[in-house]
Amino acid sequence: MIDSESTKNLSGQAFDRRDFLKVLGFGGTAVALSGCGNTSIEDGKETVVSYVEAKDYVIPGVAVYFNSTCAQCDAGCSITGKIREGRVLKLEGNPESSINRGKLCGLGQASVQHHYNPDRVREPLLRNGDKGQAISWEKAYELINEKLQGAKGEEVAFITGDVSGHQKVLLTNYIDSLGSKNHFVYEAVAPAVVRAGNLKSYGVEMPRYRIDKAKVVLSFGADFLGTWISPVHFAQQYAAFRKGVDGQRGVLIQAESKMTLTGANADRWLAVRPGTEGILALGIINALGIATGDVAELVKDYDRARVSRDTGVEPSNIDKIAAILRLRSPSLILAGSAAEGYVHGMQNADAINLLNHVLGNVGKTIEAPVSVPFPQLTQTKGNTASLKKLNDDLAAGKYKVLFNIATNPVYTAPASYKYGDSMAKAGFKVAFAHYLDETALQADLVLPLDSEMEDWGTHVPEYLADTAQINIQQPLMERLHANTRGMGDILLTLVKQRKPEEYKAFDDYYGYLRYAMLQNKAALGGSGDDDVFWNDTLSKGIVKLSGASGALSAKAAVEGLKLPQPEEADKQYPLRLIPSVTSNLRDGRHTNQPWIQESPDPLTTIVWDSWVEVHPKKALELGIVEGDIVKVTSKTGSVNVQVYVFPGIHPEAVSIPMGRGHEAMGRYAKGYGVNPFGIMDAVFEGSTGELAMHETRVNIAKTGQRVIVVKDEGPAGGKQMGRRVALSRSTDQVDLSKEV
Amino acid sequence: MSVTNLLNNWAAVRHFHPIDDKPHDPYKWAMAIDLDACIGCNACAVACYAENNLPVVGREKFQHGQAMHWMRIERYWNEDSREFPDQGAEFLPMMCQQCEAAPCETVCPVGATNHTQDGLNSQIYNRCIGSRYCSANCPYKVRYFNWYDYPTTDNVWPAEMNYQLNPDVTVRGKGVMEKCTFCVQRLRAAEVTAKGEGRIVREGEVQTACQQSCPTNAISFGNLVDPESRVYKQWKAQQVDLAKDEQEKDKREGGTDLRGYRIFEDLRPYPSVMYLERVRESAV
Amino acid sequence: MSKRHLLALYGDFDQAEAVVKELRNTKISGFDVNDDMIVKSPIEHPEVEKFLGEKPVYVQWFTLIGAVLGGSLGFLGISSAQANFFMQMKGGKPIVPLPPNFVLTYELFILGGVYITILGFLICSGLPAKRSPLYNAKVSVDNIGILVKAEEAAVGALKAIFAKHKALEIQEEAGK
Amino acid sequence: MKDIREDIAWAKINQDVMKSLENPRPLYWVILFFAVLTFGIGIGCEVYQYQMGMGVANLDNPHVWGLYIATFIFWIGMSHSGTLLSAILHLMHADWRKPIYRFAEAMTTFSLMTAGLFVMVHLGRLWQFYYAVPYPNERWVWPNFQSPLLWDAMAIFTYLSSSVLFLFVGMIPDLAIARDNMHSGWRKKLYTLLALGWEGTDRQWRNFRVTYLTIACFLIPLAVSVHSIVASDFGMSQQPGWHVTSFPPYFVAGALYSGCAAIITLFIILRYVFKFEDYMTLPILKKIVRLTFAIAMVWTYLNCIEFASVWYSHDAVSKDLLIQKMTGPYAPFWWAMIFCGSIVPLVFAIKRFQTNIPVLFATSLLLNLGMWLERWMIVSPTFSHGYYPWTWDHDQWPSMIQWGIVFGSFGWFTLLFMVFCKMFPSVSMYEVKEMVYHRTLHLKQNGASEQTVEQGVH
């Protein structure tokens, strides 16, 4: 709210971002006043200022735009928010960012619905029996302090998602100040095995992929258009790759067991028996016939006949792929879910990465990453192994205080962890949350967070496209609810409890952030006046840095690469469960955003519900049709879910998407669909200890019920029934070189 | 005097639009969608929800086919009874084709849907009485009817969520038909600005919400009578003529190596959206 | 100069015909057979026209005028409405399209024809009107009524003719 | 077989018909009760739909039209038989029409009024319906005269008002009878008012005859145009299954067909309820039945023509739709339509059934059902199987609200019709008298001037 003093000050003083926000905020209130007849304005504290004398940058009816950073996933797309009368209306991509170059995916655009979500937590809540009791922030901080007094450093644990930038600095400082070393960074769908595989093969965890430079892309389950690492960026690379050079269009081949969005866009989609992607990779190396030395030795047994038998890919396809890879260089081979999903995921990743070495792509389409000169700001990369560790520790009763920061492991942990029970063993559980999700409901203290459109922050994405950059996150409008707080502010307050001297100069996180950035003005490429630099930084939303590129290891290590034979089908659980990550829902943290719920899944067009994908052949064998409710049973548990008969899946696998089946969180999420984590077996990747997501075996049985599948697709399915609607032709029928 | 006016303007009111006339001066908004670039990610559809205040109807109403997505991504399989769709899926963003001879326009009893001078098929919500004849006559079925009063329906725009509504776009009540407008609010703003500066809207000055969000730039949009615009160049390169119901290139012996086409051209609605066929590599 | 009304009722059409013929042939002063006689019947007897003499019917002229007016004004009105005020531009169609306007013209042609015909009917047959004081409900059952209007002097002669042809009933207007 | 007796006293005709205004059989009240009940249900459904929006009818986005439009066409079609009986047969001097044309004309009027209701019920914004009326308004915005729906509105308005006038004008002599015979009270006042002072003078009759004939001449092309225009709603569109050139005659034939079927049903009901056995005689019924049979065969023929032209047109989309109608989810209804519309009327070809009242009653109801199904099969399958495969039907089974309003419309029609028959003479007394008169005349002059009589009958 604006007070009279600041109104006075504003008129004569240099533009200040915070005051600006206040002005904006006032606009918001005024609209709320006229729109709802209900405000929190208290007598004598506020000054009503009409639009006639509206302050700087508020022109009624004219939108202003501010840059910030999208926080819906970790790709770190820069966004431009459209603000009218103090309300953020729509987000666009920030054209200045080399990551998303002005584009934004559906999930990113839906974050306004996260911000305006009616189910957000609005007050700090303290558990009182089964209910949450609203308390003040002072009380909450006191309580935390009090609980921490009774716990030793090693008895305090933190679980967070990926974290970077100055928040990470404050968090690390706070954890250090508690004497704790228990920071668990958990991301349910992080490419952790891919990172480990890359590190082994290329010497870096996350090289830069240059799809746009490749003439052929062979992807083993990497859904780079939908969910993988930085999809908006890759989609742009993909567009350039398809355009190609001189009308020679890039060729995409996707080998996976369940068709992803990327697979749906492939020139050739290969249905691979689950887990045999590594064999296929070695088979292709064999078919290429250009490998020498120990690589040739390694692949010599992988002749076409065997590979075809093991993977289910036809020999002719292996030949064609080998031929086109030989012919068109450079190419790019990607390892995605093939690596993440299996016990032998690292082996698969190694075999796939080996292809890149054999084809000489390393250094051409796989480039060294740019490094950010501020290692303390870089992203702490989440994985699933950390949750396993935390869960074991919790179950062992090691922790007295648990801080859960904006993650929802009760929902995303495999049911066999019994994470909820483990969590209950922690003495005092603090959840920093946007929603009362499954995890927050189990906490003792729930602290409501600002949305990313209300909060300050900096982010350093893991995957940097061209240059190193620090993304600025700044409020696009005033806080919607009076009693939510930014994570940075909370951390600052908490760290002040520990180290009051060090941080006493900072009133709030904004002050800290500004100070911290100005401190490094020179390193951030700034010069001159602090205010000018600061305002310039904020207006751009990005600080571009000149980061040095590292080097990649030239030769892949072949030692230890030994792929297991594909397993015989289990009698009791003959099918493999592939919990699919969809570009809309990912790990389910955004399910309460109705645009996301109603945005049809691209491949099945299903909305508002979960489904299990079954190949038509399998469905015929089992006598099931679309809409049948089947019971999908694993060793861990079972769910009842509707069937969608889907041709893009290997007959030996079934797939249930992640993200639905919430039991809490909000009106748009609760009670829609099922949660595949609930039946996921706890099987781990051999060398990294990551959860092997595709290793759950299931059987399916009809329940006798049948429903109408809620989807956009009509009963004609994907058929065009002879109408000329969506046309397609092959490259030999078209001359792309003439195109604009 | 109305009859005098009628007689004086007889020639004008007897013009056929667009065939006889050259009405598109200085604008004809048109689109080109490259199906080879479209990856089916739905970003455009969500952008449309955000820009145009589309209601989220919820599970039950979606089941009844009452969804309001002005832009829908259709997913086709061209597998021809093969075991797997081994050439992937085919995605097709479908929205109002802003036909030049729109079947919907003539049938509206109250004239709630009309053609604009800049080549749009406009829908006047206030005038609409909800006879739904337009939708019945639309070959693409891209018109969406407000089956319920969404602004007052629970959980469509509950408190705070309504703050997101775009003030430039009307929120539609029950009983009116709506459809893609080519983001007419953006077009008008740009046209007015340009007019004030005594010029026409420049290429790239205005984008539709779907185009703006498309990560692969599959959608291009612009002024079809402006030779500078990408859309003009694309239509030109693909030899697709707005005012033809069969393109010269399609009459050619042995077909064409161009991939521009318009859906249901033979029904003669003269759609303003050109699609570029999806391409698949023949070598694999 | 007041005239008196007389009403005679007959149960048979032939009797009535005979009466009319006789009235026609007999010259009675103060009674003009063409102006002062009205035949009332429960059903329409086409034969009445024969013995009453040709009386013109003008309803068709109303019909013609109505139809022509309805059609022409309809077309002009619709075309003017389309061409003036807010023009509704329809892709692929002119502002004033002829086929639809012809359809509507056709409807308005009929509408005008029907309406004006009804109007003509009312005017020509003098409806609505008050019933004559000598109205007898039996005319709407099965009797033929002959209503005459005559000078006082002629009343007697008329009565005689009525009686001669076995009138079921003769009603007389009260004297003035 | 008993026909109308030549020696029936004219006074008795008056008495018998006037009795129908006073004391019908108890079944009348039962019918009236159910009519009010179903109409009430319909009203309830409509109020709910008005409040909630059209969605409660369970229509959806590609499938925007449903039973409302189908039932609308059904009612429009039903109206045609009244015109057939009163106008066409009038011009053709078929005197057997005389005892029954009045109620047929009332049926025309009331079914048009019912059809008009469906236009309203169907509108998404009922409260703005007047936008479709070409009235001079402040903003000078006119409706779109290009829309077949507007032609529809115009045609229905013309037809309804002409029918009402025709019904009224033809009833004036009977209103005079009613006026003369009704005991005093509000009804007598009403009849007095409506009879316009009719006395049956030669001048009145002369003008009456010309007027009646003229309007009859107008009504015939009007009736044809009305249903052709309804057919244009579909034929003028681009949709497969609708864009059929034979639609106008097909619709007109269907209209006459359903109207005749309805006349048989109502004939039987009225005959019983109002004790009209002496007037609505079996020979008349037999004639209607034969007429209905002929029209049924015409309809069947036009149906076949439509299928054949679709089949030979090489229009894959329309062909697809036809196959879909025969085999898809609508197949049971489609075949039921064929059965009720083309097979059931074969009963009428059998002589002994032509006067068998229970059989005719059941059959006529089936024919009506068949004709209603026909309209549904015209409207709905096109939506569920149109040009655009992606939008083919989701889940389009009409909701209870939609059914409720459809049933309510039958209640509304029955209510209007039954009240009319109790309020006004549903058998034309003066024309029955004419009929009797001419028959007597014919007997009298038997052999002498047969030809004159045949032509002289009005």
Side-chain angles (χ1 to χ4, degrees), chain A residues 84 87 89-90 92 103-106 109-110 112 116 118 225 232 235-236 238-239 242 249 251 253 261 263-269 271 320-321 324 480 583 594-595 598-599 602-603 605 607-608 647-648 667 672 708 710 712 718 720 725-735 738-740, chain B residues 35-37 39-43 45-47 49-51 56-59 62-63 67 72-79 83-92 155 158-161 163-164 166-167 212-217 230 233-234 237 257 259 261 263 277-284:
Chain A
R84 273 273 300 263
R87 296 179 194 168
L89 300 179
K90 189 172 187 302
E92 310 287 1
K103 303 299 180 182
L104 196 60
C105 68
Q109 302 194 54
V112 283
Y116 289 125
L225 295 177
V232 178
Q236 291 180 331
Y238 168 85
R242 284 303 202 192
R249 178 176 166 277
V251 179
I253 302 155
L261 187 61
N265 285 289
D267 293 280
R268 177 60 62 175
W269 183 77
K320 280 185 196 163
I321 292 165
I324 201 165
L480 204 56
S583 52
W595 288 344
E598 197 149 309
S599 179
L603 289 166
T605 75
V607 294
W608 288 101
R667 62 192 76 182
Y672 292 102
I708 294 169
V710 185
D712 196 44
Q720 300 185 35
V725 177
L727 305 186
S728 187
R729 57 172 73 200
S730 58
T731 42
D732 50 5
Q733 298 168 313
V734 70
D735 183 359
K738 294 181 209 157
E739 290 193 359
V740 179
Chain B
L35 298 184
D36 197 39
I39 55 169
C41 69
N42 256 330
V46 176
Y49 270 77
E51 175 72 16
V56 170
V57 298
R59 192 197 137 99
F62 204 109
Q63 177 179 345
R72 57 171 192 253
I73 310 294
E74 294 163 8
R75 187 270 297 116
Y76 294 103
W77 299 116
N78 298 323
E79 74 224 62
E83 187 180 3
F84 298 110
D86 52 5
Q87 296 217 313
E90 170 142 30
F91 296 105
L92 179 94
N155 294 336
E160 283 118 43
M161 213 78 121
Y163 286 6
Q164 185 274 325
N166 185 356
Q212 191 168 18
S213 66
C214 179
T216 57
N217 284 320
R230 183 169 175 232
K233 288 174 189 156
Q234 277 177 307
D257 56 3
R259 56 195 184 106
Y261 73 104
I263 297 173
E277 288 177 47
R278 184 189 72 159
V279 182
R280 282 295 177 258
E281 178 61 45
S282 46
V284 293

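The chains referred to below are lettered A, B, ... by the order of the sequence lines, with proteins before strands, and numbering in each begins at 1. These numbers were taken from a predicted model, which means no experiment stands behind them.
Ranked by non-hydrogen atom pairs under 4.5 Å with chain B, the options P594(A), P602(A), A726(A) are led by A726(A). Chain B forms the most heavy-atom pairs under 4.5 Å with one residue out of Q720(A), R242(A), Q236(A), and that residue is Q720(A). With respect to chain A, the highest number of heavy-atom pairs below 4.5 Å among Q87(B), M161(B), E51(B), K233(B) belongs to M161(B). Among the candidates N166(B), N217(B), D36(B), the residue making the largest number of heavy-atom pairs closer than 4.5 Å to chain A is D36(B). The residue among V56(B), I263(B), V57(B), T216(B) with the most heavy atom pairs within less than 4.5 Å of chain A is V56(B). Among K320(A), R667(A), R729(A), K90(A), the residue making the largest number of heavy-atom pairs under 4.5 Å with chain B is R729(A).
For L35(B), the part lying near chain A is the side chain, with the backbone staying farther off; criterion is any non-hydrogen pair under 4.5 Å. Only the side chain of I324(A) comes within less than 4.5 Å of a heavy atom of chain B; its backbone N, CA, C and O stay farther away. Interface remark: V725(A) contributes backbone and side-chain atoms alike to the contact with chain B (heavy atom separation under 4.5 Å). Of the two parts of L603(A), the backbone and the side chain both hold a non-hydrogen atom closer than 4.5 Å to a non-hydrogen atom of chain B. Of the atoms belonging to V734(A), heavy atoms from both backbone and side chain fall under 4.5 Å from chain B. Using a 4.5 Å cut-off between heavy atoms, A266(A) contacts chain B through its backbone alone, with no side-chain atom that close.
Note on ring orientation: taking the six-membered ring where Trp is involved, the planes of Y163(B) and Y116(A) are perpendicular (angle over 60°, cut-offs 30° and 60°).
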